[in-house]
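Values below: every heavy atom of this structure, side chains too, minus hydrogens, waters and symmetry copies. Just so it is clear: chains get the letters A, B, ... in the order the sequence lines come, proteins before strands, and each one is counted from 1. Nothing here was measured: the structure is a model prediction, and the numbers come from that model.
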Amino acid sequence: MINPLRGMKDLMFEDSQRFVHIITTAITVAKRYGYSYIETPILEETALFRRSVGDSSDIVSKEMYQFEDKGGNDVCMRPEGTAGVVRAFVSGKLDRQPAKQKFYYYGPMFRYERPQKGRLREFHQFGCESFGEASVYEDFTIITMVGQIFKALGIGFELKINSLGCPECMPPYKQNLVSFLTDISEDLCADCNRRIETNPIRVLDCKNEQCQSLLAQSPKLIDELCEACDTDFKKLTSLLDDAGIAYEVDTNLVRGLDYYNKTAFEFVSNEIGSQSAIAGGGRYDKLVEYLDGKPTPAVGFAIGAERIMELVQMPGREREGYYMGAMVPEAVEKIIMLANRKRTSDKVTVEYSSKGFKSHMKGVDKAHARYAVLIGEDELANNTVWIKDMESKEEKTVAYTV
RNA sequence: GUGGACGUAGUUCAGCUGGUAGAGCACCUGUUUGUGGCACAGGUUGUCGCGGGUUCGAGCCCCGUCGUCCACCCCA
């Protein structure tokens, strides 16, 4: 027996229904905000992710499904969605046009990690990317949208926000941080010491308790933002306050991908194990440029479908459509013809084998059909069908017209 | 990549100190040759993850391997 690869899953029945419900709900909300669908390839040049997600991230340095294709190209399966959308934005020369663009996407992403709860090697994200809008109003709007999607899905969450600054205020802050960290490096864990070199900002969200207690004294970017970033961040918080959206400023919130600046946010749930982030996003004003486009501000987010699968409250399932069956073999083909005709407008479950009344009724329940339609001896003789509405319990026998 | 737990029927699991494999649920049939969800009765299903070893004998012990889950790392 051949099973799916490690960290990859088949989705069916209840699970696939939940999945579809998540995606369709998110699409409905995104459309209300003016987003249109974009589909980009799963396979991209490896360079795309090196330049966008960043070499220093674990995603790129050790988690990519990377290989050489038959044409000798260095390619990899996308580990996240933003890079591809931005690439498409630039490839399509949309950066040369003044129009603002808003795209939503969903689909599989691939990271070669050790699977655990809420973390698969092939997982699915729904995301949105808004291009050309520099206003912090857009940051606020996009956070609101994510909140609405979760609300529509019946999922509770906490919102964490932070500002990552910009090329003006981040570098000097990073210097301050590095010198602070260097002073206390002896007491920091091995990982943090490595991060001081590779990506000092990441030290901030180290989970080691000792590190965290030492970091309480660390300089906070929030206190060292340049005027523009500071104004925007204060605006964002006041907008959230006015909208009645609860949030927590988490100065240690650092997005794992290199391309973020200014607003960073994360939606977390405490109901799903240690992988608590259910959505994440923020502003990435420099990424279009990094990928050879004209400077274009942008904001976006992604929701992890698998992370919220168990949290979603599914709408109650109501009886729907018809179940059709025959109780004498000669009536089977009549049933099939009837069903084909009815299927032009309704959901129909057909039982091909002739069987007893009782087992048909069980079939009706199993199919969760609203109406039972049966042909037995009498009906066959009279060219009629017997119909029962399973909810109202009403029954009738009606003429079957050819 | 590191650490821990676990792989027995479709599923959830039981199986004592090694002695020829069991329960609930599900499924099928019947009670009821035309009124479903309930009840009752009966029935089907296993290379006990895979490979090797110890033993007269292994689901149980040992080694390896694959897989699952959880945690770390990282992230949605």
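- Residue A:N3 is classed as having no contact, given no heavy-atom separation below 4.0 Å to the nucleic acid.
- Residue-level contact check: A:E391 touches neither bases nor backbone, having no heavy atom under 4.0 Å from any strand.
- Here A:M109 lies out of heavy-atom contact (under 4.0 Å) with every strand.
- Checking B:A76, B:U68, B:C75 against the side-chain heavy atoms of A:F123 singles out B:A76 as nearest.
- For the residue pair A:T397 / A:E379, no side-chain donor-acceptor distance below 3.5 Å is found, with atom types taken as modelled.
- The ring of A:Y104 has its center closer than 6.0 angstrom to the ring center of A:Y37.
- Across all strands shown, B:C27 is found opposite B:G43 as a Watson-Crick or G-U wobble partner, with both distances under 3.5 Å.
- In this structure, A:K235 places its NZ atom where only 12 or fewer heavy-atom neighbours from other residues, nucleotides or ligands lie under 6.0 Å away.
- With 3.5 Å as the limit, one finds no donor-acceptor pair spanning the side chains of A:H368 and A:E320.
- Listed nucleotides B:C69, B:U35, B:C70 differ in distance to A:K117; the shortest reach to its side chain belongs to B:C70.
- Candidate nucleotides B:C73, B:C75, B:U2 were compared by shortest atom distance to the side chain of A:I59, and B:C75 ranks first.
- Using a 4.0 Å heavy-atom distance criterion, A:E63 is classed as a sugar-phosphate-only contact.
- When both pairing distances are held under 3.5 Å, B:U65 makes a Watson-Crick or G-U pair with B:G49.
- With P as the reference atom, B:C27 and B:C63 are 42 Å apart, rounded to whole Å.
- Closest to the A:M327 side chain, of the nucleotides B:G3, B:G34, B:U68, is B:G34.
- Residue A:E377 is the one, among A:K9 and A:E377, whose nearest nucleotide of RNA chain B lies closer to the 5' end (criterion: closest heavy atom).
- Distance check on atom P: B:U11 versus B:G46 gives 13 Å, rounded to whole Å.
- For a distance-only test at 3.5 Å, the side chain of A:R111 qualifies as a donor-acceptor partner of the base of B:A76.
- Pair assignment for B:U2 gives B:A71, based on Watson-Crick or G-U wobble hydrogen-bonding distances that are each under 3.5 Å.
- Checking A:N162, A:D139, A:D232 one by one against A:T263, the side-chain hydrogen bond (donor to acceptor under 3.5 Å, both in side chains) holds for a single residue, A:D139.
- Donor-acceptor pairing under 3.5 Å, judged by distance alone, is absent between the side chain of A:E113 and the base of B:G1.
- Among the heavy atoms of the strands lying under 4.0 Å from A:K358 is at least one base atom, whether or not backbone atoms are also near.
- If you check B:G59 for Watson-Crick or wobble pairing at under 3.5 angstrom, you find it has no partner at all.
- In this structure, A:R6 does not reach the B:C66 phosphate: none of its side-chain N or O atoms is under 4.0 Å from OP1 or OP2.
- Closest approach to the A:K393 side chain among B:U2, B:U35, B:G37 is made by B:G37 (side chain taken as heavy atoms from C-beta onward).
- Of the candidate nucleotides B:C72, B:C28, B:A76, B:A76 has the atom nearest to the side chain of A:R307.
- At the heavy-atom level, A:E306 lies nowhere under 4.0 Å from the strands shown.
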Working for side chain to side chain donor-acceptor pair (under 3.5 Å), residues A:N73 and A:E45
CA-CA 7 Å; A:N73 304 298; A:E45 250 180 71; over 6 Å; no

